[in-house]
J.: 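Here's a structure for you.
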Amino acid sequence: MRVAAGLLLAAGCTDALRGLPPAWHARPAPMMTVMDAAFVPAALEPSETALLPEWFEQWGFASPGPPQKKGGGKKGAKGKGKGKPRPAAKAGGFGAGGGGAAGDAAKPFVCSSPPEEILTVVRARREEGTELSAEELANWGAAARRTIEELLPRTGAVLLRNLPMRSPEAFGHFWKGCLLAPPALEEGSYLSLGGTSRTKMSGIDLATNVPPEFLLLNHNELCYNPRTVERIALYCVQDAPVGGESTLARNRDLMKTLPDEVPRFLAEHGGILYAREFYDARRPPVLVPGAPPPAATGSWQEKCGLPLDAERAQAEEFFLAMGFDASQIEWDESGSLRVTNQHPGFVKDPESGEDVWWNIVHTGSIKTADGTPIPKKLVAEVQRSAWDHTYAFKLRPGDWLMLDNMRVQHGRLPFFDHERQRRCLLTVYTTPRCAITE
C-alpha cells in the first residue's frame, strides 16, 4: 500500500484499513483529527548556528551584540563581536559564543534553534521509499493543509517534516491539493520592490534570487506592497551542503529591544514611503562612467510581463490589480514609470492587538513618507536589535515551513553550493490581503 493509513483515514477512506494491524482498527476515525492521522508531533534537535563576523562586514550590516562605539563603517556598524558579549534576551534565540579582549580571536555569535513556543513541528507518518501518484501527492497536500489550519494560529510558524516530494513537479501536485482543500485558498503572487522577478521551477517560485553568499536579514514578505500575502511557505527539495539555515523572528518580539527613538522617528515622519522606478525598454538609460546609477532597475515591460510595444495602460492595469491606486502611478516624458505607496511601518498583532514592527527599514534603502532619509544610526539599531529575537535552523529535504506573514519574519544565512548538491528551496504564497491593518 503506497499511502500511509493515517492519510487515507483523514481522507475518509476507511476501507483502506483492511489488512492493517488491529491497532489501526481500534482507533475510531470520527474522534481523530488530521494531526493525529497523517502527522505526529515532533521536535527540532537543539542546535546553535554560528554567525560569522565577516558576513556583517562584507554587506555593511550592524552585527549582533552591543552597539559599537568606534569603527563603524560608512554602511553601518561593523563590529566583530569583541569585548564582553551580550547574553540572549529571554524572548530571543540569539546568544554569544564568547568573546575576548582586543587581539584575541573573536568567537562568533550564535543563533539557537527555535523552541516549541516559537515553532510547531510535526512529522508526516508515511511509508519510506514509495513513489506516489499525482493524486496521492494532492491527498498529502490536503492533509497538510488541514494540519496547518489547526496548528498555525498557535505560534504563527509550523514545520512539517518527512513529506514525500523530492522535485518541483511533485511539489506542484502537493501544492494543488493544499490549495483546493476546502475551503479553497487563494494563491498569492510575488511582486518585488525592484525590477526583477523570481526564477521558477515547474511553475513554482524559487525562494530568492539573492546570491548564496548574501546574508538575507529577516523580513516579512511583500510588506512593501499595498497588497501583501497572509501566509508564505518554503519547501526544501534539496538543502545546501554547507550553511543556508533559515532564520525566524516574531514581529511582536522585535519591539522589545528596539530603541524607542526608532518607532518614534517613523511616527513623526508619517510612516514609510516605498517607491519603484522602471524605464521604458524602448529607451533604456545610458550608463555614464563615474555618474550615479539610474534609479530604475528594470523596465516596466519586463516587470509587468508585457511585450516591448505594450501600451502604458496595460502597465497601469497590472499595478492597479496589485492594489495600487491610480494616483500612485506616475509617468514622465521619457516613458519611465514611478510607482509609490505609503505604510505606517506597523501592523496590529492578531493576538495582543498591539502595533508591531512590520517594514523593511533594515535594508537602509527607503525613506519616510515625507521624504526624510532614515538615519544610518537608526537603521543599524534595527539590524542589530533584531538578532536578540532571531532563531536559526536548517531545512532538510521534505521539510515544509509555513509562516503567518503578519506575525513571523524569515531570512536566510549564507551558504555554499556544490555541483552534486545544489540548494533548492521553493516558495508559495496564499491569501492576498491589504498590507495596512485597522
Side-chain angles (χ1 to χ4, degrees), residues 2-4 7 38-39 42 44-45 49 113 119 121-145 147-148 157-179 185 187-190 197-214 216 221 229 231-248 392-403 405 410-430:
R2 296 196 294 172
V3 181
L7 179 59
F39 296 91
L44 287 177
E45 293 185 3
T49 302
S113 54
L119 176 66
V121 184
V122 296
R123 183 177 180 84
R125 181 160 46 195
R126 66 181 184 88
E127 296 178 7
E128 299 286 349
T130 55
E131 184 176 348
L132 303 182
S133 67
E135 181 179 1
E136 289 168 327
L137 291 169
N139 286 341
W140 270 109
R145 163 74 185 289
T147 299
I148 287 167
V158 178
L159 176 62
L160 290 80
R161 315 207 85 168
N162 195 40
L163 289 168
M165 301 81 70
R166 293 298 182 270
S167 70
E169 294 83 3
F171 179 80
H173 297 304
F174 169 91
W175 179 231
K176 183 178 180 180
C178 184
L179 287 173
L185 283 176
E187 187 171 14
S189 59
Y190 180 78
S197 299
R198 284 186 170 162
T199 304
K200 295 180 180 291
M201 295 186 70
S202 299
I204 307 291
D205 284 356
L206 289 180
T208 180
N209 286 346
V210 302
E213 64 272 16
F214 188 75
L216 185 59
E221 202 75 5
V229 289
R231 297 176 181 179
I232 176 173
L234 305 169
Y235 186 75
C236 181
V237 177
Q238 179 62 65
D239 58 341
V242 179
E245 289 82 0
S246 296
T247 58
L248 297 179
F393 66 101
K394 193 162 187 174
L395 292 173
R396 301 294 185 182
D399 283 354
W400 197 38
L401 177 64
M402 174 66 76
L403 302 175
N405 190 45
H410 66 282
R412 188 214 68 199
L413 301 183
F415 65 92
F416 294 96
D417 256 337
H418 190 276
E419 60 182 7
R420 296 182 181 178
Q421 184 177 336
R422 295 198 178 278
R423 187 177 189 265
C424 180
L425 217 64
L426 305 176
T427 311
V428 289
Y429 330 83
T430 75

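If you're wondering where the values come from, they're calculated on a predicted model, not measured in any experiment.
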J.: Can you name the residues that form a side chain to side chain contact (heavy atoms under 4.5 Å, CB included) with P241, not counting sequence neighbours?
T.: D417, H418, Q421

J.: Do the side chains of E45 and F393 get nearer than 4.5 Å, heavy atoms only?
T.: no

J.: W400 and A144: which non-hydrogen atoms are nearest, and at how many Å?
T.: CZ3-CB, 4.1 Å

J.: How about L425 and L206: do any of their side-chain heavy atoms sit closer than 4.5 Å?
T.: no

J.: What distance do L395 atom CG and R423 atom CZ have between them, rounded to the nearest 0.5 Å?
T.: 7.5 Å

J.: Rounded at 0.5 Å granularity, tell me how far CG in L403 sits from NE2 in H410.
T.: 7.0 Å

J.: Just checking, is any N or O donor in the side chain of D205 or Y429 under 3.5 Å from an acceptor N or O on the other one?
T.: yes

J.: Report the residues that fulfil side chain to side chain contact (heavy atoms under 4.5 Å, CB included) with E128, sequence neighbours left out, ordered by chain and then residue number.
T.: R123, R126, N162

J.: To check you understand the geometry: which heavy-atom pair defines the closest contact between M201 and C424, and what is its length?
T.: SD-SG, 3.8 Å

J.: Please name the pair of heavy atoms, one in L44 and one in S113, separated by the smallest distance, quoted to 0.1 Å.
T.: CD1-CB, 4.5 Å

J.: Which atom names give the shortest non-hydrogen contact between G243 and A240, and what distance separates them?
T.: O-CB, 3.8 Å

J.: Let me have the donor-acceptor pairs involving side chains of residues 169-179, under 3.5 Å, with sequence neighbours excluded, atom names and distances please.
T.:
from, atom 1, to, atom 2, distance (Å)
E169, OE1, S167, OG, 3.3
E169, OE2, S202, OG, 2.9
W175, NE1, E187, OE2, 3.0

J.: Give a yes or no on whether the backbone of M165 and the side-chain of Y235 come within a donor-acceptor separation of less than 3.5 Å.
T.: yes

J.: Out of curiosity, L426 CG to I204 CD1, how far, rounded to the nearest 0.5 Å?
T.: 6.5 Å

J.: Can you see which heavy atom on F415 is nearest to which on G244, and at what distance?
T.: CB-N, 3.1 Å

J.: Find out whether D399 and L234 are in side-chain contact, i.e. whether some heavy atom of one side chain is under 4.5 Å from a heavy atom of the other.
T.: no

J.: How long is the gap from CD on Q238 to CZ on R420, to the nearest 0.5 Å?
T.: 13.5 Å

J.: Could you tell me whether the side chain of R231 and the main chain of G188 form a donor-acceptor pair under 3.5 Å?
T.: no

J.: Closest heavy-atom contact between P211 and R412?
T.: O-NH2, 3.0 Å

J.: Are any of the side-chain heavy atoms of T247 and L413 separated by less than 4.5 Å?
T.: yes

J.: Could you point out which residue of V158, I232, L119, L160 forms a side chain to side chain contact (heavy atoms under 4.5 Å, CB included) with L401?
T.: L119

